[in-house]
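Worksheet: the structure to be examined is printed underneath.
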Amino acid sequence: MEIDSQLLDEIISEYKNFPEVKAIAIGGTTSAKTSDNLSDVDVYVFVSEDISVDKRRAVVEKYSTKFEVGGEYFGAGDEYFVDGLNIQLDVMFWNVNWFSQVVDNVWVKNYPSNGYTTCFLYTLKNFNILFEEKEYLTNLKKKIDTPYPERLKLNIIHRNMMLMYEKPFASYYEQIEKAIKRNDINSINHRISAFLASYFDVIFAKNELLHPGEKRLIKFANENCKILPLDFEKNIVNLLKQPNSETLQILKTMVYNLQDII
């Protein structure tokens with residue numbers, strides 16, 4: 001995806017002029033070189049405190065006639081179609097203290113999550129830094145430029161295997177089993193999504209890879225993971241054709257095959 005860098009630089013300069021802004025980076029599929037014609041451009045604006053929606057709108061309206069400003073659905077962010085670039089910008093405003101703590105919690109303290117444990121670190125690693133004060137992002141990148149912590153790997157695997165199947169109560173498997181008995185299709189779908197989030201978290205941890213997020217995971221795993229469960233792609237494809245009578249057996253098979261590699 002070709003981008004008019006001059007106009008993009010102009011937009012970035014608008015954000016740099018805010019005193020609250022401490023760093024700016026482009027990330028996502030753009031920096032990871034996996035973008036296509038359907039991809040937007042992720043712009044991460046790191047702030048010491050919130051920038052008012054009115055100030056953000058003033059920037060957006062200079063460059064766009066189709067936009068959504070102040071949509072705090074997944075945190076502070078603005079989405080807009082840049083008329084002069086023919087692309088969509090997804091601008092996210094992240095607090096510097098919060099992001100530093102996220103990195104520390106995962107890479108230093110080795111806290112696991114319910115799926116997607118290292119996603120923010122993958123984003124950080126793939127940032128194209130456009131602006132920063134006191135090498136804020138550069139120093140965070142250096143912090144994670146070390147071997148994958150063994151304790152983090154084990155914590156991710158333990159937590160997510162428990163969630164998927166091994167907990168004595170309310171594992172994702174058990175919840176899906178009950179939802180099937182109730183013919184609760186929405187619940188089945190919801191818990192299968194959670195199951196897969198943990199499933200991929202375990203796989204990427206086992207391979208000591210940072211989790212790339214929620215898009216194109218099968219392709220990423222096939223291309224980057226040296227260790228994969230038996231029938232990895234086949235079972236996922238079959239599972240997502242569900243629900244039917246094979247759903248629980250496929251889930252069990254996926255867990256057993258995953259257990260064989262950890």
Side-chain angles (χ1 to χ4, degrees), residues 28-29 38 71-75 77 90 92 102 105-106 109-123 151-225 227-262:
T29 55
L38 300 177
E72 315 293 284
Y73 304 108
F74 306 101
D90 185 358
M92 289 156 277
V102 167
N105 283 343
V106 176
K109 298 178 181 177
N110 304 144
Y111 295 159
S113 300
N114 298 356
Y116 302 104
T117 298
T118 57
C119 280
F120 285 120
L121 277 62
Y122 179 91
T123 300
R151 181 166 168 246
L152 175 62
K153 175 170 71 173
L154 296 176
N155 287 349
I156 291 173
I157 291 173
H158 174 73
R159 181 184 185 89
N160 285 281
M161 291 300 293
M162 291 292 289
L163 284 166
M164 290 169 63
Y165 190 74
E166 296 175 357
K167 280 168 75 326
F169 302 101
S171 68
Y172 295 145
Y173 178 89
E174 181 183 341
Q175 293 177 58
I176 295 166
E177 183 178 33
K178 290 180 178 178
I180 289 173
K181 290 178 180 178
R182 298 184 182 114
N183 196 29
D184 186 347
I185 295 174
N186 185 68
S187 181
I188 295 169
N189 181 67
H190 184 257
R191 293 293 85 186
I192 285 178
S193 294
F195 179 97
L196 286 174
S198 287
Y199 181 74
F200 277 105
D201 219 22
V202 171
I203 287 173
F204 293 137
K206 176 62 181 179
N207 285 271
E208 298 185 357
L209 294 173
L210 300 179
H211 194 308
E214 59 187 14
K215 298 176 183 176
R216 293 177 274 231
L217 290 185
I218 295 175
K219 181 175 185 292
F220 181 90
N222 279 328
E223 292 177 354
N224 294 278
C225 293
I227 305 170
L228 285 172
L230 181 67
D231 295 329
F232 161 72
E233 185 170 352
K234 175 184 174 182
N235 280 329
I236 294 174
V237 170
N238 287 338
L239 177 65
L240 295 178
K241 291 178 181 177
Q242 309 305 320
N244 64 32
S245 59
E246 300 300 315
T247 296
L248 294 176
Q249 185 55 51
I250 292 170
L251 290 170
K252 279 187 179 179
T253 298
M254 291 174 73
V255 170
Y256 295 156
N257 291 348
L258 191 57
Q259 288 170 334
D260 285 342
I261 70 167
I262 60 177

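In this chain, numbering begins with 1 at the start of the sequence shown. Keep in mind that this is a model prediction, so the values were computed, not measured.
- Take E166 and apply the salt bridge (Lys or Arg N to Asp or Glu O under 4.0 Å) test, not counting sequence neighbours, and it matches no residue.
- A179 and S187 get closest at one heavy-atom pair: CB-OG, 3.7 Å.
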I would like to know whether L210 and F204 meet side chain to side chain contact (heavy atoms under 4.5 Å, CB included); could you show each step before the answer?
CA-CA 6 Å; L210 300 179; F204 293 137; over 6 Å; no

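- Proximity of a side-chain donor or acceptor of N235 to a complementary backbone N or O of I250 within less than 3.5 Å is not detected.
- Atom CG in L121 sits 10.5 Å away from atom CG in N105 (nearest 0.5 Å).
- To the nearest 0.5 Å, atoms CG (D260) and CG (L230) are separated by 8.0 Å.
- A search for salt bridge (Lys or Arg N to Asp or Glu O under 4.0 Å) contacts involving K167 returns nothing, not counting sequence neighbours.
- Put simply, the side chain of N114 never gets that close to the backbone of R159: no donor and acceptor are under 3.5 Å apart.
- Annotation: the span from R182 atom CZ to E177 atom CD amounts to 10.5 Å, rounded to 0.5 Å.
- Once rounded to the nearest 0.5 Å, the distance linking CZ of F200 with CG of L258 reads 10.5 Å.
- Residues N222 and E233 bring a donor and an acceptor atom of their side chains to less than 3.5 Å of each other.
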Test Y122 against H211 for ring-ring contact (aromatic ring centres under 6.0 Å, His included), laying out the working first.
CA-CA 6 Å; Y122 179 91; H211 194 308; 8.4 Å; no

Go through the steps for L196 and L240 under the test side chain to side chain contact (heavy atoms under 4.5 Å, CB included), then give the verdict.
CA-CA 10 Å; L196 286 174; L240 295 178; 3.9 Å; yes

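- When all heavy atoms are compared, the tightest approach of L209 to C225 is CD1-SG, 3.8 Å.
- Proximity of a side-chain donor or acceptor of D201 to a complementary backbone N or O of T117 within less than 3.5 Å is detected.
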Are V255 and M161 close enough, and set up right, to give a side chain to side chain contact (heavy atoms under 4.5 Å, CB included), and what steps lead you there?
CA-CA 8 Å; V255 170; M161 291 300 293; 4.2 Å; yes

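- D184 CG to Q175 CD: the interatomic distance, rounded to the nearest 0.5 Å, is 11.0 Å.
- Distance alone, capped at 3.5 Å, is enough to place a donor-acceptor pair between the E174 side chain and the A170 backbone.
- Residues Y172 and S198 come closest through the heavy atom pair CE1-OG, 3.6 Å.
- Residues I227 and K206 share a closest heavy-atom pair of CD1-CE, 4.0 Å.
- Between I157 and A205, the shortest heavy-atom distance links the atoms CG1-CB, 4.3 Å.
- Counting non-hydrogen atoms of neighbouring residues, nucleotides and ligands closer than 6.0 angstrom, the NZ atom of K109 exceeds 12 such neighbours.
- Taking the six-membered ring where the residue is Trp, F232 and Y199 present parallel rings, their angle staying beneath 30° rather than reaching 60°.
- No more than 12 heavy atoms of other residues, nucleotides or ligands sit less than 6.0 Å from atom CD of E214.
- In terms of heavy atoms, N155 sits closest to N110 at ND2-O, 2.9 Å.
- Side-chain contact between L228 and I261 is absent, with no heavy-atom pair separated by less than 4.5 Å.
- Legend: residues meeting salt bridge (Lys or Arg N to Asp or Glu O under 4.0 Å) with E208, ordered by chain and number and at least two apart, are K153.
- Side-chain contact check for L251 versus Y165: every heavy-atom pair is 4.5 Å or farther apart.
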Take I236 and L217 through the side chain to side chain contact (heavy atoms under 4.5 Å, CB included) test and state the conclusion after the steps.
CA-CA 11 Å; I236 294 174; L217 290 185; over 6 Å; no

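- E246 contributes atom CD, which lies 9.0 Å from atom OG1 of T253 (distance to the nearest 0.5 angstrom).
- In this structure, I156 and T118 have side chains that are in contact, with non-hydrogen atoms separated by less than 4.5 Å.
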